[in-house]
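The block underneath contains the structure these notes are about, expressed in structure tokens.
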Amino acid sequence: MMKLMSIVGARPQFIKLAPFLQAVADHNRTGSPRLEHLTVHTGQHYDADMSDIFFEELEIPPAEINLGVGSGSHGLQTGKMLAGIEQVLLQEKPDLLVIFGDTNSTLAGALAAAKLQIPIAHVEAGLRSFNRRMPEEINRIAADHLSDILLAPTATAVENLRREGLADKTTLTGDIMYDTVRRNIRLAASKSTLLRQLQLTPHAYYLATVHRAENTDDPQKLLAILNELNKIAAHQYPVVFPIHPRTTNRIKMSLPDWAPHPQLRIIPPVGYLDMLQLTQGARLAFTDSGGLQKEAFFLNCPCVTLREETEWVETVAAKGNVITGADPKKIEQAFLHWEHQLGDGRVDFSESVRQHFGNGQTAKQVLHTILNFQNTLSV
Ligand code: UD1
Ligand code: UDP
């Protein structure tokens, strides 16, 4: 019996964990050695619509351990997680720790396991924005250099790791979020009623999400983005904006007088199936989310990225994504560019998706790489 442990804590990590757990369950039906798996939820995200809903919809068994860390400054939050994860690792003694993405939960997992000499597999390794002002960039670099198995979603990620001297530990696996999209897209179509509830017609609305610290914590940038979304909503089609709690808080705190245009429809965070449905039907997505940039691409929805750079450069090269930062002129230009290009038609990125993001079987490849690594350890 081999014992695996996964650390998750933030919304996108639940979405990445789901196919991995499915791969573990599939393996246990036929393969050996039998795998035991424990999920540790740090509690970084804790509201029902930021956490529980993903476990329910994606049929992720409840986390065996929840550290209940909650929100706080980077040091405080990461420190509490580090102490909590260390205790769990000492108690449970897993053979290997799996970490996902680039959040504070990822970093804490990596630090705790590395100090205890527990091997670490990093899913979504090798992404770089080359902007160290982003907390995620610090988390990724540290996590990659502390990990033993680097599971890179794209060829660009492989190349980034090679440049940092980590080629020996790296495997190209494809993108695990693509697995989740493929598995749930039909379910989303049959279960989600959100478009009907909001009285939205497919391809006659835009989708927006904003939550990155670089945008939310700079009142000028936040205002520029919000005003631009107001302008876009005033054109022809409404903008649907499922809002991250961080952004709600920042608007209340820094921009108490700002008001949305009636066609800028701000709604609470939505579940994964509603989000897939919203993305598939949107004319365009305006976002600073890493996950949504990819999902938009997978679902043939053009994207305007409200950041200065992206880790998902393939989406830009394939002309599915335009980088604008929070610059109103650039956002407006990108919007007009897409509207001109779309007309009444649609775009199709599927060939590029297949070429750059794997075949939707990434979780299986991730598990396979982990098991191979364990085999080489035991000989
Ligand atoms: C975190 C990740 C970010 C990721 C995002 C996904 C870090 C450094 N950042 O950012 O990379 O893109 O998750 O969504 O790990 N809050 C609530 N309820 C919740 C969770 C958060 O109200 O359930 C509010 C709190 O005011 C909190 C703020 O949101 O202070 C920020 O939460 P936090 O987890 O620190 O960072 P995110 O912005 O969510
Ligand atoms: N998401 C969701 N509901 C929302 C907003 C986002 O289910 O209201 C999903 C989205 O589809 C993607 C993931 O959450 O799969 C991305 O998370 P987020 O944007 O919070 O973080 P990032 O990917 O930028 O780290």
Side-chain angles (χ1 to χ4, degrees), residues 8 11-27 29-30 48-61 100 123-124 153 173-207 209 240 242 267-285 287 289-303 312 315 318 320-321 342 345-367:
V8 291
R11 170 166 74 183
Q13 293 171 322
F14 313 137
I15 294 164
K16 294 165 199 176
L17 175 68
F20 178 66
L21 287 187
Q22 199 60 53
V24 169
D26 290 346
H27 168 89
R29 267 193 289 278
T30 52
D49 56 10
M50 295 296 287
S51 177
D52 294 359
I53 192 165
F54 298 96
F55 283 77
E56 286 154 24
E57 289 190 346
L58 297 170
E59 296 182 351
I60 305 171
F100 300 83
V123 177
E124 219 177 65
T173 59
D175 187 79
I176 203 159
M177 284 186 120
Y178 187 40
D179 292 25
T180 323
V181 168
R182 291 199 14 168
R183 270 176 205 210
N184 290 284
I185 192 70
R186 268 191 228 111
L187 189 64
S190 66
K191 281 216 166 157
S192 169
T193 57
L194 190 65
L195 294 195
R196 222 177 315 139
Q197 278 172 45
L198 298 174
Q199 299 184 310
L200 295 171
T201 311
H203 307 293
Y205 66 89
Y206 307 110
L207 174 62
T209 78
V240 183
I267 59 175
V270 298
Y272 185 70
L273 298 178
D274 280 340
M275 192 63 185
L276 281 186
Q277 199 59 2
L278 270 181
T279 309
Q280 188 165 43
R283 285 182 78 73
L284 284 178
T287 191
S289 159
L292 183 56
Q293 284 177 64
K294 286 186 286 179
E295 288 161 349
F297 195 63
F298 300 156
L299 298 172
N300 296 318
C301 171
C303 188
W312 304 105
T315 60
N321 191 0
L342 282 171
R346 305 241 24 212
V347 285
D348 183 359
F349 306 129
S350 51
E351 200 164 308
S352 216
V353 171
R354 272 194 296 275
Q355 196 183 337
H356 298 296
F357 290 92
N359 57 4
Q361 300 289 327
T362 290
K364 209 170 149 184
Q365 176 69 37
V366 162
L367 185 59

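Annotation: salt bridge (charged side-chain N to carboxylate O under 4.0 Å, His left out) contacts of D175 (sequence neighbours excluded): K294. Residues passing the salt bridge (charged side-chain N to carboxylate O under 4.0 Å, His left out) test with K16, sequence neighbours excluded: E124. Under the side-chain hydrogen bond (donor to acceptor under 3.5 Å, both in side chains) criterion, Y272 pairs with no residue, sequence neighbours left out. Not a single side-chain hydrogen bond (donor to acceptor under 3.5 Å, both in side chains) links S352 to another residue, sequence neighbours left out. Evaluation of the side-chain contact (heavy atoms from CB on, under 4.5 Å) rule for D52 yields A48, E56 as partners, not counting sequence neighbours. Scored by the side-chain contact (heavy atoms from CB on, under 4.5 Å) test, T193 finds R196, Q197 as partners (sequence neighbours excluded). Remark: Y205 engages no residue in a ring pair (Phe, Tyr, Trp, His ring centres under 6.0 Å) (not counting sequence neighbours). Applying the side-chain contact (heavy atoms from CB on, under 4.5 Å) criterion to A296, with sequence neighbours excluded, gives T279, A285, C301, C303. Partners of T209 according to the side-chain hydrogen bond (donor to acceptor under 3.5 Å, both in side chains) rule, which considers only residues two or more places apart in sequence or in another chain, are T287. Remark: T362 pairs with no residue by the side-chain hydrogen bond (donor to acceptor under 3.5 Å, both in side chains) rule, at least two apart or across chains. Residues passing the side-chain contact (heavy atoms from CB on, under 4.5 Å) test with A204 are T201, Y237, sequence neighbours excluded.
The line from NE2 of H356 to CD of E351 is 9.5 Å long, rounded to the nearest 0.5 Å. Between R11 atom CZ and I53 atom CD1 the span is 10.5 Å, to the nearest 0.5 Å. Rounded to the nearest 0.5 angstrom, I176 CD1 and Q365 CD are separated by 11.0 Å. Taking CD of E295 as the reference point, atom CG of L276 lies at 6.0 Å (rounded to 0.5 Å). Interatomic distance, D348 CG to N300 CG, rounded to the nearest 0.5 Å: 4.5 Å. Annotation: the span from W312 atom CH2 to L292 atom CG amounts to 13.0 Å, rounded to 0.5 Å.
Closest approach of F54 and V270 over heavy atoms only: CZ-O, 4.0 Å. Across every non-hydrogen atom of S289 and G291, the tightest pair is OG-N, 3.2 Å. For the pair E57 and L273, the tightest heavy-atom approach, listed with the atom from each and the gap, is OE1-N, 2.9 Å.
Counting heavy atoms from C-beta outward, F20 and V366 have side chains that approach closer than 4.5 Å. For the pair L278 and L195, the minimum side-chain heavy-atom distance is below 4.5 Å. Contact of the P19 side chain with the L58 side chain is not registered, since no non-hydrogen atoms from C-beta on lie closer than 4.5 Å. Put simply, the side chain of K364 does not reach to within 4.5 Å of the side chain of D179, judged on heavy atoms. Taking the side chain as every heavy atom from C-beta outward, N321 and F297 never approach each other to under 4.5 Å.
Side-chain N or O atoms of Q22 include none that pairs as donor or acceptor with a backbone N or O of A18 at under 3.5 Å.
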Donor-acceptor pairs are to be reported for all side-chain atoms of residues 183-192 against protein atoms at under 3.5 Å, with residues two or more places apart or in another chain.
from: N184; atom 1: ND2; to: T180; atom 2: O; distance (Å): 2.8
from: S190; atom 1: OG; to: L187; atom 2: O; distance (Å): 3.1
from: S192; atom 1: OG; to: L194; atom 2: N; distance (Å): 3.4
from: S192; atom 1: OG; to: D274; atom 2: OD1; distance (Å): 2.6

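Under the 30°/60° scheme for interplanar angles, the aromatic rings of Y178 and F298 are found to be tilted.
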Margin query: Go through it in stages, so that I can follow the logic: the residues are F357 and T315, the test is side chain to side chain contact (heavy atoms under 4.5 Å, CB included), and I'd like the CA-CA distance, side-chain angles, deciding distance and then a yes or no.
Written below: CA-CA 10 Å; F357 290 92; T315 60; 4.1 Å; yes
